[in-house]
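Notes follow once the structure below has been shown.
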Amino acid sequence: MNKLLLIGNGFDLAHGLPTSYKNFIDDIWKNLAYNYNDSEIKKVFDISPRLVKFLLQRKIENFVDFNNHLQKVLSNNNFSYRTDILFAEDSFKREVLLEVKNNFFILINSKNSIQNWVDIENVYYLELKKIVKTRNIDRVKKEKIIKLNKEFNEVKNLLIKYLREKILQNFDIEKSENRKEFLEMYNIFKPNSSLNDNEWIDLEFSIPGDWECIQEVYSKESESKKIKCYPYIVNFNYTNSAFPYYWEMNKSLSMENGNINNIHGEIDSEEFKPVFGFGDEMDDDYKLIEELDDNEYLKFFKSFQYFHNNTYDNLLREIDGEKFQAVILGHSCGLSDRVLLNTIFEHKNCRSIKIYYHQKEDGTDNYLDVVKNISRHFKDKPSMRRKIVSKELSSPLPQNVRFKKK
C-alpha cells in the first residue's frame, strides 16, 4: 500500500510561509506606492505621483489602510472629487489620482467571502458562466471573455511576481530552522513499513482484502530487508516546500521508488509553467461552454494547461500502478481541482483517504469542511463513506516547522 500525499496551500502556511490569498492582496496595497512603476503593477493600476508622495509618508498594511489614507488626502485638500471602489479623481484639475483598470481585481477585492486561492478560481468560473449565459450577441460575448481572460492573467502574473519576490527570494525552503518540528512533519511522509517503525493502522482500511494485502507486503519486506511501500508527493503549490521531506527520505531510507510531482508547475519555468484556472468539467454548465466552439472560453481550464508537460501523465501512471492511501496535507479539496481529485479519489486503487486537518488556536478545526469538499468529488457516495478515515484516526497538521530566511 503506497501513500499519495496531496500538498496544498495550508502546508505552506503550516511552515510559516506567507502564501495565503490575504498575504498576497495585503502586500499589493502595502507596497503599491513603492512598486507603482513596475510593469506588472502598471497593467492593473494608474496612480498619480501626487498620491504616491502622500502615501509614502503613511504606514499601510492592507486595503483598508490604503483606502483610509486615500480618503484623507482627498478631504484634507478640499478637492472636488468622486470616489468609488478603487477609483478617485480630482475633478478641479481633472487628474486621476487612482484607477484600478482591472475589473476582475476589483471584484476579488470587493468580495469578503474570498479566503483561499480556490475562491479566486471559483469567482473566475462564475464570471465566465455569466458571459456564456447572457443574451448578448456573439461579438459582445467574445469581447467580454477576452477581457476577463486578460484580467485574470494579470492577476496570475501579480501572484507569480509576489511568490518569486516575497517567498522564493526570501526563504531558503531547503533548510528548516527547527529539526525537532521538521521530524514531526517528516513522520507523515515516511513510508509505512515494517522496517521503519511506522506501520499502517488497520482501522484506516475498510475495503475487504486491503489489510491482508498490507500484511503480505510486510512479509516481503522482512525477507528482502527493503521497503516495498513508498510515498508519491503531488504538490499543488507553486513553492517546493515538500522537497526537504522528499530529500530526507531519499537520504535516510532504502526505498525502491518514490517521487515528487509539481502538478501545478513551477515559478519561472518554461517547461513546467504555473497552472492557474479552473478544473471542473463535471459541472453541468461546462457542456454549454464547449458547445460555443470557441477556444477562448477554455483558455484557463486546468485540464488543457496540463498538456504543457507530462506531470499529469506521470500522476496517472502512479495511481494506475499500485493500491494507495491518499493523504491530505493542507489541501482544501475545492472544486477548482474537481476532475483531477475525482480521478484520484474514485480510482479503484485509492483504498483510503486520510486528512491531516488544520486545528485553530481556539480549538476548532476544518476536518468536516475538508470531508464535505471531498464528497463533492465523488459520484459514488457509498465509496466515499468507505474510504474517508474518521476524525478519531486523523490528526492535526503540525504548524511549527519554519524555513530559514535568506
Side-chain angles (χ1 to χ4, degrees), residues 7-45 47 55 59-67 85-86 98 100-127 148-171 173 235-241 262 264-269 273-278 300 302 330-332 334 336-337 358 399 402-403 405-406:
I7 308 293
N9 184 241
F11 186 80
D12 277 359
L13 299 177
H15 288 74
L17 298 178
T19 57
S20 71
Y21 164 75
K22 185 177 185 304
N23 293 141
F24 163 65
I25 288 293
D26 286 351
D27 184 80
I28 288 178
W29 296 110
K30 180 179 181 179
N31 294 294
L32 182 58
Y34 300 94
N35 298 333
Y36 72 101
N37 270 325
D38 179 89
S39 60
E40 295 298 335
I41 293 290
K42 288 174 73 173
K43 291 176 184 176
V44 177
F45 297 91
I47 181 169
L55 293 173
K59 183 178 181 181
I60 297 173
E61 297 293 335
N62 49 45
F63 173 65
V64 173
D65 290 345
F66 183 95
N67 193 47
I85 183 167
L86 310 183
L98 171 70
V100 180
K101 300 176 286 186
N102 184 309
N103 290 331
F104 185 77
F105 184 82
I106 293 174
L107 183 62
I108 62 176
N109 270 270
S110 65
K111 285 186 174 291
N112 294 327
S113 60
I114 292 183
Q115 300 293 324
N116 303 303
W117 294 114
V118 64
D119 298 324
I120 293 183
E121 295 169 327
N122 288 341
V123 169
Y124 167 78
Y125 187 51
L126 290 175
E127 291 301 301
L148 175 63
N149 284 344
K150 173 180 174 292
E151 293 178 344
F152 185 71
N153 192 60
E154 288 172 353
V155 171
K156 171 187 173 181
N157 289 337
L158 287 177
L159 167 62
I160 291 172
K161 169 183 166 62
Y162 172 76
L163 293 175
R164 180 194 302 118
E165 295 177 357
K166 299 303 169 70
I167 309 301
L168 300 184
Q169 293 178 8
N170 281 347
F171 292 88
I173 296 181
N235 180 28
F236 287 79
N237 296 330
Y238 305 107
T239 63
N240 205 2
S241 53
N262 294 319
H264 277 176
E266 302 170 16
I267 302 298
D268 298 327
S269 171
K273 294 180 179 180
V275 173
F276 195 62
F278 203 75
F300 284 106
K302 290 179 178 176
H331 199 303
S332 67
S336 71
D337 290 308
H358 175 54
Q399 297 289 313
R402 294 295 179 267
F403 292 121
K405 287 193 173 183
K406 293 183 179 178

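Numbering starts at 1 and runs along the sequence shown. Small disclaimer: the values here were computed from a predicted structure and weren't measured.
- Using a 4.5 Å cut-off on side-chain heavy atoms (C-beta onward), F276 and N153 make no contact.
- Residues Y124 and F152 place their aromatic rings such that the two centres sit under 6.0 Å apart.
- For the pair K406 (side chain) and L168 (backbone), a donor-acceptor distance under 3.5 Å is present.
- Residues L55 and L32 form no side-chain contact, since every pair of their non-hydrogen atoms from C-beta on lies 4.5 Å or further apart.
- Note that CG of D12 and CD1 of I7 are 9.0 Å apart. Values are rounded to the nearest 0.5 Å.
- Summarising the geometry of K42 relative to K101, their closest heavy-atom pair is O-NZ, 2.7 Å, with the distance given to 0.1 Å.
- The pair E121-K302 meets the salt-bridge criterion, with a side-chain N (NZ, NE, NH1 or NH2) lying under 4.0 Å from an Asp/Glu carboxylate O.
- Using a 30° and 60° split on the angle between ring planes, F63 and F66 fall in the parallel class, below 30°.
- For F105 and F45, the gap between ring centers is short of 6.0 Å.
- Remark: the backbone N or O of K166 is paired with a side-chain donor or acceptor of N170 at under 3.5 angstrom.
- A donor-acceptor distance shorter than 3.5 angstrom exists from the side chain of N9 to the backbone of T19, with no hydrogens or angles considered.
- Within the 3.5 Å criterion, the main-chain N or O of A14 finds a donor-acceptor partner in the side chain of R402.
- Summarising the geometry, atom CG belonging to N240 is positioned 11.0 Å from atom CD1 belonging to I267; distances are rounded to the nearest 0.5 Å.
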